[in-house]
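Shown next, in structure tokens, is the structure this report addresses.
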Amino acid sequence: MTEIVSESLIADQNTKPSDQLDRDYEHLASQLDSRGIDIGAISAKAERFAVAVPSWGTGTGGTRFARFPGLAEPRNVFEKLEDCAVINKLVRCTPRVSPHFPWDKVDDFSELREHAENLGLAFDAVNSNTFQDQPGQAHSYKYGSLSNTSQAAREQAVEHNIECIEWGKILGSNALTVWVGDGSNFPGQQHFTHSLERYLESARKIYDAIPDDWQMFIEHKMFEPAFYSTIIQDWGSNVLCAMELGPKAKSLVDLGHHAPNVNIEMIVARLIQFRKLAGFHFNDSKYGDDDLDSGSINTYQQFLIFNELVDAEYRNTPEFDPAYMLDQSHNVTDPIESLMNSAAEVQRSYVKALLVDRETLDGYQDANDALMAANTLKAAYNTDVSPILAMARKQSGGAIDPIAAYRAADYRQQLASARPAKEGSSSGIV
Ligand code: LRH
Ligand code: MN
């Protein structure tokens, strides 16, 4: 099949905006130079920045009420990877894909790895799924998985996680993300301590199966699908379990899994300080786990999170290597456009955080000059780094304006006949 989003299309699309980009970039270079910042050094870091794409985010998402699929939806993991390759071709900062099993389960994982490599992609952390029952499954997860009162259900869930590790090894991944929906809907329904003891007993069996060069990412979440208590409900429960399990276990921060107004950037600083930050599922939200596009609602919070991450780099924090992944549900937009936009917005928060004058900030913090400390952060945040992001894309063969280039390619229309729509609509996140 001819490439719909080809290098020549990208080159054509870059022709018109190129001169203006050069002028904008030069202008920003002189602004930053006056602040003692070398734009070249910042751009080099911007070009090395990467955030993984969730395979499950390439299809149109939905809610419990409904899902309204778009045109030429990917029908299997091979087509999901083709869409991920289009994203990376245009934004040049999403070289890895995070798969989810059994949604992405195949008969031949070597074939899947080869398909990804041919598309210039690699695999990031793999995700297990013990929050849904699969056809023919012996023990239901209705009352939980790793913490279920049924030993058989717990063992079944442990087995699935160990299988995910085996599949991940073939794909070249080096981490397993374990999120469970286990919890309760009524006070009294579940014994808080006994259930966590069961969870830890199961998690230890998974931990013992984690290869030495791998990590186990534990993901906390305040609520949903359980609406009274959740087994790993907050970062506290998460980091306690990660410490209990051992050095290969770390805590993953999904931005949407916290109560509104929780200071997530401080949670990040704590996890960094205790060497327990696994990484992130970036998204945005206004109320619950809305899984909205990163940087679409609370851009300052996302900047403040990257301010902690860049500060950790600045302080040469040992073992600091967090995994950056998106985890979103695209209910009303073309998933490819949302994922490109979101990857660029996460990259934007990182680049803005690189502009923070940390020496000056340290001085104001030590002097308790609150206003000037806050303004030092704002000076970086208020800098429009769009020319750096666009130039980084252009320099690495991508599109100056990814959305415009993608729309010029008319990708979905071109694929419509090759990807006929499935009959009937469904509900649910994927
Ligand atoms: C849970 C979660 C988890 C994934 C799922 C698709 O809300 O964030 O990371 O397994 O979404
Ligand atoms: Mn998540």
Side-chain angles (χ1 to χ4, degrees), residues 51-64 67 74 77 80 96-105 123-134 141 144-146 157 160-161 163-165 167-168 173 175-183 203 206 215-227 229-235 237-238 250-259 262 264 267-268 271 277-285 287-294 302 305 322-331 335 338-339 342 346 426-430:
V51 58
V53 166
S55 65
W56 62 93
T58 55
T60 298
T63 69
R64 60 184 166 168
R67 191 176 81 87
V77 64
K80 292 178 186 178
R96 286 189 301 281
V97 177
S98 183
H100 215 300
F101 303 126
W103 295 337
D104 298 326
K105 186 170 178 290
F123 288 99
D124 208 301
V126 300
N127 297 267
S128 60
N129 174 343
T130 59
F131 50 86
Q132 294 173 323
D133 287 347
Q134 304 306 322
Y141 294 136
S145 59
L146 299 179
H160 166 66
N161 277 277
E163 255 185 330
C164 290
I165 295 169
W167 297 332
S173 174
L176 168 72
T177 297
V178 182
W179 169 71
V180 295
D182 298 22
I206 299 171
Q215 292 188 313
M216 179 175 170
F217 297 167
I218 299 174
E219 184 178 0
H220 58 274
K221 182 174 181 179
M222 186 173 65
F223 74 97
E224 188 204 38
F227 295 101
S229 73
T230 292
I231 199 83
I232 307 295
Q233 182 156 29
D234 54 26
W235 77 279
S237 302
N238 191 336
K250 295 194 175 177
S251 304
L252 183 109
V253 178
D254 183 314
L255 274 59
H257 289 187
H258 304 85
V262 161
I264 300 175
I267 293 172
V268 170
L271 292 172
L277 178 64
F280 296 86
H281 278 179
F282 289 111
N283 48 56
D284 216 328
S285 53
Y287 307 105
D289 186 22
D290 311 340
D291 280 340
L292 300 175
D293 291 10
S294 301
Q302 189 168 278
I305 288 169
Y324 297 153
M325 297 169 274
L326 300 174
D327 178 3
Q328 301 173 180
S329 179
H330 311 110
N331 304 357
S338 274
L339 288 165
S342 303
V346 172
S426 59
S427 64
I429 62 169
V430 291

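FYI, the numbering just counts along the sequence from 1. Whatever order the structure lists them in is the order used to number ligands and atoms, beginning at 1. Scope of the values below: all heavy atoms of this structure, side chains included, with no hydrogens, waters or symmetry mates.
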Open item on the list: Parallel, tilted or perpendicular: which one describes the rings of W179 and H257, with boundaries at 30° and 60°?
Closed with: tilted
Task: Contact check, D327 vs ligand 1, heavy-atom distance below 4.0 Å - done: yes
Open item on the list: Out of all atoms in ligand 1, which are within 4.0 Å of some heavy atom of D254? Include the element for each.
Closed with: 8 (O)
Task: ligand 1 N/O within reach of D291 N/O, cut-off under 3.5 Å - done: no
- [ ] Could you grab the protein N, O or S atoms closer than 2.8 Å to the Mn ion (ligand 2) for me?
- [x] E219 OE2, D254 OD2, H281 ND1, D327 OD2
Task: Minimum non-hydrogen distance to atom 1 (C) of ligand 1, winning option of W103, W179, F217 - done: W179
Open item on the list: Quick check on contacts: which atoms of ligand 1 are under 4.0 angstrom from a heavy atom of E219?
Closed with: 2 (C), 3 (C), 8 (O), 9 (O)
TODO: Could I get the full list of side chain to side chain contact (heavy atoms under 4.5 Å, CB included) partners for P335, not counting sequence neighbours?
DONE: T60, H330, R412
Task: Which of the ligand 1 atoms, numbered from 1, are nearer than 4.0 Å to a heavy atom of H281 - done: 9 (O)
Task: Any E224 heavy atom less than 4.0 Å from ligand 1 - done: no
TODO: State whether the side chain of E219 and the backbone N or O of V178 hold a donor-acceptor pair below 3.5 Å, judged by distance alone.
DONE: no
Task: Pairing residues for Q134 by the side chain to side chain contact (heavy atoms under 4.5 Å, CB included) criterion, not counting sequence neighbours - done: P102, N129, Q132, Q137
Open item on the list: Please check: side-chain N/O of N161 versus main-chain N/O of C164, any donor-acceptor pairing under 3.5 Å?
Closed with: no
Open item on the list: Please check whether H100 reaches ligand 1 - meaning an N/O of the residue sits under 3.5 Å from an N/O of the ligand, judged on distance alone.
Closed with: yes
Open item on the list: Side chains of W235 and S251, heavy atoms from C-beta outward: is any pair under 4.5 Å?
Closed with: no
Open item on the list: Does ligand 1 come near enough to D289 that some N or O of the ligand is less than 3.5 Å from an N or O of the residue?
Closed with: yes
Open item on the list: Under the rule for side-chain hydrogen bond (donor to acceptor under 3.5 Å, both in side chains), what residues qualify as partners of H100, not counting sequence neighbours?
Closed with: none
TODO: For the pair N283 (side chain) and S294 (backbone), establish whether a donor and an acceptor sit closer than 3.5 Å, ignoring hydrogens and angles.
DONE: no
Open item on the list: Looking only at side-chain N and O atoms, does W56 offer a donor or acceptor that is under 3.5 Å from a partner on D104?
Closed with: no
Open item on the list: Would the distance check show the side chain of D182 and the main-chain N or O of S145 forming a donor-acceptor pair, the cut-off being under 3.5 Å?
Closed with: yes
